[in-house]
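Notes to accompany the following structure.
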Amino acid sequence: MRPCAVEGAWVVEPDVHEDDRGSFVEAFSYARVEEATGRPFDVRQVNSSVSRPGVLRGIHFAQMPPSQAKYVTCTSGSVFDVVVDLRVGSPTFGAWDGVVLDASSRRSILVSEGLGHGFLALDEGATVVYLCTAPYAPGREHGIDPFDPAIAIAWPSVRGVARPLLSDKDRDAPSLAEVRAAGLLPTAAEVQGFLESLVGAPLS
Ligand SMILES: Cc1cn([C@H]2C[C@H](O)[C@@H](COP(=O)(O)OP(=O)(O)O[C@H]3O[C@@H](C)C(=O)[C@@H](O)[C@H]3O)O2)c(=O)[nH]c1=O
């Protein structure tokens, strides 16, 4: 696991064991995640979505507490996956990082509480599976405009797609500044306090 440019997110590169039958990976290792993050990752829900090329989902986040950490893997096709720092007071507030997740590398990304998440499907039938530490709480899940110039995510172009396809909700999503002004974002201190409560001790 290697840390992303946004603190609190990690890219996970599994060993892919290939043989004449196909391949095998450990898609999720609780022990490895706990060792890298210093805290438990208790799965409460597993989501899966299938997207056409050019479908953009996000940027989404769940209010704190408990927010929702996600362990995201692409099991068919590929996606450009993005995390955004939404912790008010964080030195990297508003910064983003992106990584390609695809079915051959079986790379995953771990997105901690307090971060925003989204992805762009790069090809047909892009299938994303993600383990979540909290159940879906519709009233507490929110979106931010994925094209907000204040974040300036460099979404890649998708062959044959003139414009990304978004849900109505995502197309109408407010800016980072509007979401912040509405008081929906967690502070860095709140996130830190929550993470410490998971281990019952201050995090180093
Ligand atoms: C997220 C979610 C949605 N739904 C329902 C609500 C709706 O009818 C339908 C589609 O929901 P959405 O449009 O919100 O789906 P989608 O845009 O794919 O939302 C997801 O985007 C990615 C980027 C994330 O990080 C996820 O946490 C989640 O927010 O599925 C659930 O029943 N449970 C869930 O956990």
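Read the numbers this way: they start at 1 and go in the same order the structure lists the ligands and their atoms. As the structure is a prediction and not an experimental result, all values here were calculated from the model.
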Indicate whether [atom] is within a distance of less than 4.0 angstrom of some protein heavy atom.
atom	answer
atom 18 (O) of ligand 1	yes
atom 26 (C) of ligand 1	yes
atom 9 (C) of ligand 1	no
atom 21 (O) of ligand 1	yes
atom 30 (O) of ligand 1	no

Handout entry: Polar side-chain atom of Trp155 near backbone of Leu56 as donor-acceptor pair, under 3.5 Å
Key = no
Practice task
For the residue pair Asp123 and Ser78, confirm or rule out a side-chain donor-acceptor distance under 3.5 Å.
Solution key: yes
For ligand 1 and [X], I'd like to know whether there is a polar contact (N/O to N/O, distance under 3.5 Å).
X	result
Lys70	yes
Ser167	no
Asp170	no

Handout entry: Geometric class of the Phe119/Tyr130 ring pair [parallel <30°, tilted 30-60°, perpendicular >60°]
Key = perpendicular
Handout entry: Residue, atom name and distance, where the atom is the protein heavy atom closest to atom 3 (C) of ligand 1
Key = Tyr136 CZ, 3.6 Å
Practice task
Around atom 35 (O) of ligand 1, find the nearest protein heavy atom and jot down its residue, atom name and distance.
Solution key: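 Going by distance alone, atom 35 (O) of ligand 1 is nearest to Gln45 NE2, 2.9 Å.
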Problem - Proximity of His117 to ligand 1 by residue part, where a heavy atom lies under 4.0 Å - result: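 Answer for His117: both.
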Problem - Nearest-0.5 Å distance that lies between atom CD in Glu190 and atom CD in Glu113 - result: 13.0 Å
Exercise for the section: Answer yes if Leu101 and Val25 sit in the same cluster of Ile, Leu, Val, Met, Phe, Trp and Tyr residues linked by side chain heavy atoms under 4.5 Å apart, and no otherwise. Expected result: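 Not linked; separate clusters.
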Handout entry: Proximity flag Gly118 to ligand 1, non-hydrogen atoms under 4.0 Å
Key = yes
